[in-house]
There are 2 protein chains.
Amino acid sequence: MSHSYEWPRPALTVDCVVFGAADERLEVLLVQRGEAPFKDSWALPGGFVHQDEALDVAARRELVEETGVDLSYMEQLYTFGTPGRDPRGRVVTVAWLALVRPGVHRLEPRTDARDAAWHPVADLPPLAFDHERILETARERLRGKLRYKPIGFELLPEVFTLTELQRLYEVVLERPLDKRNFRRKVLATKLLIDTGQRRTGVAHRAPSLYRFDRQRHAELERDGYLFEV
Amino acid sequence: MSHSYEWPRPALTVDCVVFGAADERLEVLLVQRGEAPFKDSWALPGGFVHQDEALDVAARRELVEETGVDLSYMEQLYTFGTPGRDPRGRVVTVAWLALVRPGVHRLEPRTDARDAAWHPVADLPPLAFDHERILETARERLRGKLRYKPIGFELLPEVFTLTELQRLYEVVLERPLDKRNFRRKVLATKLLIDTGQRRTGVAHRAPSLYRFDRQRHAELERDGYLFEV
DNA sequence: CCAAAAGTGTTTCACTTACACCCATGA
DNA sequence: TCATGGGTGTAAGTGAAACACTTTTGG
């Protein structure tokens, strides 16, 4: 093994697929590249891993540097390393899937990314490198995970209505859900706390506001439960 | 981004968690290290990624070099990159989960691995590096995946009995399953072909031999079906 | 004829699905 | 008073789980 240290090494990067929900659509955070290759193209935020930096730390750092967003959830997605995926040479990237709550997005492009912006996933520009493939992998993971882990809440504000939650699920799963069945099932998990508050100022009956019960979720998680919507 | 090319790069390796089933136990393939660090310790087979080598190719190559096994299934598991996980310096490893059929194991240690051997996962020696953590991640993935994807077949010979399949599920899931319910459910998937043959020479009624229908599986896969046991 | 595993159906219960109307509020 | 979404229950069907005995074969 040790002789291998002298070989040329692949470069290592991280890339983040950051999803947000707004206007009843699923959006993804992209940066416009300021340098070649793919200058002016949109790309996933990301960059090189520092020498003694954990991979998740690198992902968070690049994200803050390029966009300034504050994440509510992050998990490792997949590592992409097909030779030729970067025209500059051999670059292996560890991709991450992240979620942010609405409103928190203060977009502040800072370093080499000229611009950062939210794009609806249903209507995207061409992306740099193999980022379209990475994004597609992330969409599949999100769809799958949403069905058996309660991560949908990480895309909503701290308090939300049941209808907002249902809309989110419909957007991600790309199919309509029955209102009564959805409410029954999601309330049956006992993962929602009724805040007792209602959202006023709407031109219809004021809906109840709920909060996700992180503590109960942590307890259930220990025993290995299933969520299922 | 481009300035990053001058920075010191983390080294990149692959490691394989190879599961096999034998004697109604789940086993994992380990190699005994011939060099420091962790000389004489058991470790997952793996090694450095070559400059223009795809990650899965690297994983397969290391596996053949160190053990000579022939895989029936392989998927990317997770990428581990915590600083300090390798005492020699910064090493990031892309871990793979692989399955092999019984009997195919011609173990032939060839390069720097002094010895390769199967170990029951229920009774393992201490492992080098963070390989215990990697192995635990692989066990969880295998358990989860077995329940909704038909990968159990990749741990059995080409033809097998329903009881053998059930025992395998019981070993991996670590719980007993009801015989009648199991048979009904697994046959309902239409993923098994009755070969018409029976296993003779056993001291009880000769059991039917089945074969996994890869073609039908591929068809169902396209529509996105679920397996569930 | 004995031991050992193969093979086979039915009932019960829980959960999922489909479905339609009245209520509260602001404009 | 109208438009808009909030909120609620029941019946039918499907799928999961529990459960025991007969059959075949080799020794």
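In the text below, chain A, chain B and the rest are named by the order of the sequence lines, each starting its count at 1.
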Of the nucleotides [options], which one has an atom closest to the side chain of [X]?
{"X": "A:Ala206", "options": "C:dT25, D:dT25, D:dA17", "answer": "C:dT25"}
{"X": "A:Asn181", "options": "C:dG7, D:dG9, D:dG6", "answer": "D:dG9"}
{"X": "A:Pro207", "options": "D:dG6, C:dT25, D:dT24", "answer": "D:dG6"}

Open item on the list: Name the residue from A:Leu127, A:Leu124, A:Val18 that meets the side chain to side chain contact (heavy atoms under 4.5 Å, CB included) definition with A:Val28.
Closed with: A:Leu124

Task: C:dA20 base / A:Arg180 side chain donor-acceptor hit below 3.5 Å - done: yes

Open item on the list: Let's test your reading of the model: under 3.5 Å, does the base of D:dG9 pair with the side chain of A:Arg184 as donor and acceptor?
Closed with: yes

Open item on the list: Using the rule given for salt bridge (charged side-chain N to carboxylate O under 4.0 Å, His left out), can you reason through A:Glu62 versus A:Arg60, listing the C-alpha separation, both sets of side-chain angles and the distance that settles it, and then say yes or no?
Closed with: CA-CA 6 Å; A:Glu62 287 289 348; A:Arg60 279 208 157 79; over 6 Å; no

- [ ] Determine whether the aromatic ring centres of A:Phe160 and A:Phe153 lie less than 6.0 Å apart.
- [x] yes

- [ ] Could you check A:Gly201 against A:Asp178 and say which one's nearest nucleotide on DNA chain C is further toward the 5' end?
- [x] A:Asp178

With a cut-off of less than 4.0 Å, is there a side-chain N or O of [X] near OP1 or OP2 of [N]?
{"X": "A:Arg183", "N": "D:dG7", "value": "yes"}
{"X": "B:Thr163", "N": "C:dA5", "value": "no"}
{"X": "A:Thr200", "N": "C:dT25", "value": "no"}

Task: Given DNA chain D, 5'-ward residue of the pair A:Lys179 and A:Ala203, judged by closest heavy atom - done: A:Ala203

What is the separation between atom [atom1] on [X] and atom [atom2] on [N], rounded to the nearest whole Å?
{"X": "A:Asp194", "N": "D:dG6", "atom1": "CG", "atom2": "C1'", "answer": "13 Å"}
{"X": "A:Phe182", "N": "D:dG9", "atom1": "CZ", "atom2": "P", "answer": "19 Å"}
{"X": "B:Leu162", "N": "C:dA6", "atom1": "CG", "atom2": "P", "answer": "9 Å"}
{"X": "A:Arg205", "N": "D:dC2", "atom1": "CZ", "atom2": "C1'", "answer": "18 Å"}
{"X": "B:His204", "N": "D:dT25", "atom1": "NE2", "atom2": "P", "answer": "11 Å"}
{"X": "B:Gln166", "N": "D:dA17", "atom1": "CD", "atom2": "P", "answer": "13 Å"}
{"X": "B:Arg199", "N": "D:dT24", "atom1": "CZ", "atom2": "C1'", "answer": "16 Å"}
{"X": "A:Tyr210", "N": "D:dG6", "atom1": "OH", "atom2": "P", "answer": "11 Å"}

TODO: Please lay out, stage by stage, how A:Glu140 and A:Arg143 fare under the test salt bridge (charged side-chain N to carboxylate O under 4.0 Å, His left out).
DONE: CA-CA 5 Å; A:Glu140 283 166 27; A:Arg143 269 197 294 275; 5.0 Å; no

Open item on the list: What's B:Arg198 touching, base or sugar-phosphate or nothing? Going by heavy atoms closer than 4.0 Å.
Closed with: sugar-phosphate

- [ ] Describe the nucleic acid contact of A:Thr161 in one word from base, sugar-phosphate, nothing, applying a heavy-atom distance below 4.0 Å.
- [x] nothing

- [ ] Mark yes when over 12 heavy atoms from residues, nucleotides or ligands other than B:Arg133 sit less than 6.0 Å from its CZ; otherwise mark no.
- [x] no

